[in-house]
Amino acid sequence: MTRVTLLESIERPEDLKRLEPEQLPQLAGEIRDLLVSAVSTNGGHLGPNLGAVELTIALHRVFDSPRDRILFDTGHQAYVHKLLTGRHDFGSLRMRGGLSGYPSQAESEHDVIENSHASTALSYADGIAKAFQLRGEGGRFVVPFIGDGALTGGMAWEALNNIAAGKDRRVVIVVNDNGRSYSPTIGGLASHLADLRMTRGYEHALDLIKRTVPKAPVVGGMAYDALHGIKKGIKDILQPQAMFEDLGLKYVGPIDGHDEAAVEHALRKAKAFGGPVIVHCITHKGHGYAPAENDEEENFHSPGLFDPATGRKLAKGGGPSWTKIFSEELVRIGAERPDIVAITAAMLHPTGLAAFAEVYPERTYDVGIAEQHAVTSAAGLALGGMHPVVAVYATFLNRAFDQLLMDVALHKLPVTVVLDRAGVTGDDGPSHNGMWDMSILQVVPGLRIAAPRDGAQLTEQLREAVEVTDGPTVVRFPKGPAGDEVPAIERTGGVDVLSRSEGGDVLLVAVGAMAGTALEAAKLIGAHGIGVTVVDPRWVKPLDEKLVGLAAEHRLVAVVEDNVRVGGVGDAVARLLRDGDVDVPVRTFGIPQEFLDHAKRAQILTDIGLTPQGLARDITAAISRGSVLEPTE
Ligand SMILES: Cc1ncc(C[n+]2csc(CCOP(=O)(O)OP(=O)(O)O)c2C)c(N)n1
Ligand SMILES: CC(=O)[C@@H](O)[C@H](O)COP(=O)(O)O
Ligand SMILES: [Mg+2]
């Protein structure tokens, strides 16, 4: 007879509410064991979820999801929420068809925000609270759960400004303050939160007073006045939450976020307040699993596969990653160029800037989860004579499009943006794929885009990019190992010819890291007697005019890119040929115009035909029919 664990008995939040307080530590332990086991085999986020166990238990015991809406900012810390709302199959975590690593409306009525981009939850909360009020449902609570890192994002402060204006809207903001994004959270807000953390005794002192006041013999108003005076004194001396209260937000805290009873007590106080409240909880990222608790190198935020017994990470294999190659080359460039400075948006290690920061700490800036500020502060640095390198994941650049367009490109400033995780990333779900950059950036006047095909080209094109002085440059590459070098047989203008074959049927334009796939596809197509020439444009904006002459020698141009087809490099090639009066049909092979469900990168590339076999099949079909298959969008 297998012992039914407490967790197995919880299918709905109501089951959780029925547990006795003394059962909750056992439940928390079971949850932590499951989190370590599941993430060690499937990947995902461990530190953030280990730190959110007691908080999430308390949230679901105090509030009534889904009547009350509990929102998770960024969503990477929602595994406990999933477990407490009946989703226990964590063996399927991040697998195709299995549990998403983020909230998913398709999975549960308890889930709201699917977007993994940080700093959005408070804006959603403001909107939902307004809707509740307009619909006469003002008694429902909206409970955004936001990390200290996400709180450094500008949207969060835009939202706080608006939430504070809704005095009678039931918004209970839970700040999960573990002092870290990946790295320790930076900036003035972080130090203010740290001040709040330093007054941990503040809330206990107040609670102590409250607990003693009813018991104190009532000797007229004197006792109350005396105690009230002590409370006011404590507030004046210890009260550091002026910032929030000056915004018009009631502040409760700081609370020990691993003391489930204390969190429940604070949440019930906040619930009773009847207006917008901030409940500031102090937690420890990785709490309850030693290897994740002492995570100075940010290894357990999103650890990949590891041995749960020791915490030792399992080797990923496959040779140096694109990120590592970029990281090492930037250090070399930094030694030659004192004007080079590096900027990260709270992702120093994941974007490979840690090595540069190690050598040039005074030339490295972590601006918090604030991509918009990162880009416009880079414009400022460029105006001051520096050449900033802003390293972000491609999907997060969407946040800073206007800043790149109007603060950098309009002023023709020398800023280099390095986009890691460009293209399909896969198991972090639809909002993490870096699949839009080569489309949205097409419209930025004067901006240049490099898509290196291998590590050697990454170092070469990064150097070319930082040499540009009359406008922004972008260098984009995918997640994971850079793989083998892909040599060119010749360079014509700025275009590298990777393979030629007789017959001149197809000009296959391979964009960036798709070069290896394109060469394999060319071999498969060649077996059908179809001549394929494979070229790498290297810089995909602006495109090199040499492509016009090369296209004119062929019957079909096929463009392969790890980007959405709409408005991508394929469309730019078609425009180039039209402008050059070359009437050769162009077929684009890329990512369809849809949000991609989570799965492994390889699975998704297979689904969308971006494999040697898929490309050979589709290109052969196109050339055989002699037709132009318009991109189906
Ligand atoms: C706009 C944006 N930039 C960067 C990221 C990458 N990212 C994911 S989680 C994270 C740190 C979040 O820190 P915090 O909000 O404090 O949550 P914690 O992990 O500490 O629980 C970052 C920077 C993101 N999700 N969204
Ligand atoms: C939630 C988030 O934005 C990141 O933590 C994301 O999971 C990145 O994962 P990789 O660094 O493994 O690409
Ligand atoms: Mg944090």
Side-chain angles (χ1 to χ4, degrees), residues 39 43-53 55-56 72-80 94 100-103 113 115-122 144-156 174-187 189-190 193-194 197 257 281-287 292 295 298-305 313 316 321-323 344-352 366-375 391-400 420-429 431-434 478-480 598 601:
V39 175
H45 292 88
L46 185 60
N49 284 288
L50 289 171
V53 174
L55 282 184
T56 311
F72 289 89
D73 194 290
T74 316
H76 63 307
Q77 77 292 62
Y79 296 6
V80 184
R94 292 160 61 97
S100 163
Y102 300 85
I113 305 172
N115 177 16
S116 63
H117 292 198
S119 316
T120 65
L122 302 189
F145 177 117
I146 184 168
D148 56 302
L151 208 50
T152 60
M155 267 182 78
V174 178
V175 176
N176 176 25
D177 179 7
N178 52 31
R180 303 181 71 90
S181 282
Y182 281 78
S183 315
T185 304
I186 63 90
L189 169 73
L193 288 177
R197 281 199 291 273
C281 299
I282 312 298
T283 63
H284 187 185
K285 201 160 184 171
H287 187 77
D295 186 18
E298 311 165 13
N299 285 318
F300 280 88
H301 171 89
S302 172
L305 309 188
K313 298 180 84 170
K316 286 181 183 170
S321 66
W322 290 94
T323 310
T344 177
M347 298 180 77
L348 189 75
H349 286 85
T351 58
D366 179 348
V367 298
I369 308 180
E371 286 80 3
Q372 295 173 326
H373 175 68
V375 172
V392 294
Y393 284 7
T395 187
F396 302 136
L397 179 69
N398 299 354
R399 270 278 164 87
D420 196 336
R421 273 56 172 191
V424 171
T425 51
D427 43 19
D428 267 299
S431 57
H432 250 73
N433 295 301
K479 178 172 184 175
H598 67 275
R601 170 179 163 89

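Every number for a ligand or one of its atoms is a count from 1 in the order of the listing.
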Peer 1: Closest non-hydrogen protein atom to atom 22 (C) of ligand 1, residue and atom name please, with distance?
Peer 2: Tyr182 CE1, 3.5 Å

Peer 1: Starting from atom 3 (N) of ligand 1, what is the nearest protein heavy atom, named by residue and atom, and what distance separates them?
Peer 2: Glu371 OE2, 2.7 Å

Peer 1: Please find the pair of heavy atoms, one from Ser181 and one from Gly149, that lie closest to each other, and give the distance.
Peer 2: OG-CA, 3.2 Å

Peer 1: Between Asp428 and ligand 2, is there a nitrogen or oxygen pair with a distance under 3.5 Å?
Peer 2: yes

Peer 1: Would one find an N or O of Arg94, backbone or side chain, under 3.5 Å from an N or O of ligand 2?
Peer 2: no

Peer 1: Relative to each other, are the rings of His301 and Tyr182 parallel, tilted or perpendicular (30° and 60° limits)?
Peer 2: tilted

Peer 1: Looking only at distances, please establish whether an N/O atom of ligand 1 is found under 3.5 Å from an N/O atom of Asp148.
Peer 2: yes

Peer 1: Using distance alone, determine whether His432 and ligand 2 share an N or O pair under 3.5 Å.
Peer 2: yes

Peer 1: Around the Mg ion (ligand 3), how many protein N, O or S atoms are closer than 2.8 Å?
Peer 2: 3

Peer 1: Can you report which non-hydrogen protein atom sits closest to atom 21 (O) of ligand 1, along with the distance?
Peer 2: Asn178 ND2, 3.5 Å

Peer 1: Any idea which protein heavy atom is nearest atom 1 (C) of ligand 2, and the distance to it?
Peer 2: Tyr102 OH, 3.1 Å

Peer 1: Checking Arg601 now: which residues fulfil salt bridge (Lys or Arg N to Asp or Glu O under 4.0 Å) with it, not counting sequence neighbours?
Peer 2: Asp562

Peer 1: Looking only at heavy atoms of Thr425, does any of them come nearer than 4.0 Å to an atom of ligand 2?
Peer 2: no

Peer 1: Write out the residue and atom name of the closest protein heavy atom to atom 5 (O) of ligand 2, then the distance separating them to 0.1 Å.
Peer 2: Tyr182 OH, 2.5 Å

